[in-house]
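Presented below is the structure to which this report refers.
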Amino acid sequence: MDPARSPGGVNSVTGWEVETKPDIKSLGREEIASRFSEWQQPAYRVDQLLAWLHRRRVTSWGAMSNLPKTLREQLCATYSLTNFELVRKTGSSDVTQKFLWRLGDGALIESVLIPANPALYGEASDRHTLCVSTQVGCAYGCKFCASGLDGWKRNLLPHEIVEQVLAVERLVSAARGQLPGEMLEPTAEVPASRRTPHAAQLTEGSPITITPRPPARAVDNLVIMGMGEPLANYDHLLKALRILNATWGYGIGARKITISTSGLAPQIRKLADEPEQFRLAISLHGATDSVRERIMPVNRKYPLAELIPALAAYQSRKQKMLTFEFILIAGVNDAREQIQPLAALARRLHAKVNLIPYNSVAGLPWKRPTEAACEAFAAELMRQKVFVTLRREKGHDINAACGQLRLKTERELASLMPTA
Ligand code: SAH
Ligand code: SF4
């Protein structure tokens, strides 16, 4: 299927009519440029359109005021311009916010916005990490995770990954009092010489017109760690990340994008060969096959003997520190026997270990260890010369682990439906 094309027709589950035109936000610069050249549009129109989409985040063709009306009509007849419906927004006391979106075919996905500074003096930070989903549901069925509980429904299209970022940016900028469609600060990757000069940078008598510096983006880090297995939706993921990364797109640096995987070894090797310097996180959750297999069925397909060499290839290719995510689950993977093999793997792969106390999921039996047990596990790893962080779950009170809000909402909605 054309990656830009929405799944057309009628959704058999929701009965919703769905869009069949390709979505403009799934298109890269070259695709738009070649279409504009077919339409005999001047080349500068391509950048005007891209700025409206990704830097000004407008939600309608009509808002693109510097494009001729005939071109807007042609665009509207050829492409869709999808916006999500915000179904639910929850924010916890420490300002982690969770957004539940309804897509064009009625499917629900979620994105989580986590503040950069955990509100040091009680105020909210203005820079954030956004956790983005890549699939509706998940096929990998990790035993601790809410995302896979109802199975896999479909892959997200590139624009559905991109739009999560734009939609959150719109809401945050509105809350900050910015005007709809206000231009965002260019990316850090744009050379300083090409940026709009800030008044303070201009020398006296400078011939350049002074324009106020545009506001900075609200989202300055992306983690691909929401619902779904990103590397199982490889092509759409890469296409979306390239749009989000590009200076003509949202403009977020590749080093500020972390992809989290449950360990699809062949796709990790493929990602190592891509030119971008994306960061990689591995949901390890077990330092031996026996423990990992108990909670992650994917380990049977790609056991540690296959996963570790793929990670080593990624690490040596990118020269980047990997991250091991390790959810601490009481009585499953928090035993002292896990520490030594975990430390050995981390040292060998030059990986830091991010310990995450388990977030309980309704209907699943697992529990987090006590705080003291988590601290002791972290301290012992540190003694073994491993770089460790112990996450104090910021979103514990808003179902922040992946898939939890969607699951909760779907179950609540199902309980409201009349039974046949
Ligand atoms: N499929 C990918 C990315 C999404 S899951 C992957 O598995 O890496 C990303 C992470 O969500 C998991 O590794 C885990 O760190 C976290 N997670 C999932 N369920 C959780 C829970 N109940 N408590 C705490 N973290 C959880
Ligand atoms: Fe899927 Fe990741 Fe959840 Fe496993 S942890 S079920 S791979 S989303």
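Order of appearance sets the numbers: ligands from 1, and atoms from 1 within every ligand. We number each residue from 1, following the sequence as shown. The shown structure was predicted, so the numbers you read here are calculated from the model rather than taken from an experiment.
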C138 near atom 4 (Fe) of ligand 2 via N/O/S, less than 2.8 Å: no
Selection from G148, S133, S147, G228 by shortest heavy-atom distance to atom 2 (Fe) of ligand 2: G228
Nearest option to atom 2 (C) of ligand 1, as decided by whichever heavy atom of A281, P357, S260 sits closest: S260
Using a 4.0 Å cutoff against the non-hydrogen atoms of [X], which atoms of ligand 2 qualify?
X	answer
C142	4 (Fe), 5 (S), 6 (S), 7 (S)
Y140	7 (S)
S262	7 (S)

At under 4.0 Å between heavy atoms, is it the side chain or the backbone of [X] that contacts ligand 1, or both, or neither?
X	answer
T261	backbone
M225	both
I356	side chain

Work out whether the distance between some heavy atom of [X] and some atom of ligand 1 is less than 4.0 Å.
X	answer
P230	yes
G228	yes
H285	yes
G226	yes

Salt bridge check: are [X] and [Y] linked by an N-O gap of less than 4.0 Å?
X	Y	answer
D289	R300	no
E276	R242	yes
R56	E169	no

Any donor-acceptor pair under 3.5 Å linking the side chain of [X] with the backbone of [Y]?
X	Y	result
Q164	E160	yes
Y234	L271	yes
K21	C76	yes
N245	L241	no
K239	S26	yes

Could you list the atoms of ligand 1 found under 4.0 angstrom from a heavy atom of [X]?
X	value
S262	6 (C), 7 (O), 8 (O)
S283	6 (C), 7 (O), 8 (O), 12 (C), 13 (O)
V361	22 (N)

Aromatic plane relationship, F144 with H285 - under 30° parallel, 30 to 60° tilted, over 60° perpendicular: perpendicular
Contact check, S283 vs ligand 2, heavy-atom distance below 4.0 Å: no
Atom of F377, atom of A335 and distance for their closest heavy-atom approach: CE1-O, 3.7 Å
Full working for salt bridge (Lys or Arg N to Asp or Glu O under 4.0 Å) between D334 and R368: CA-CA 9 Å; D334 62 339; R368 60 167 62 182; over 6 Å; no
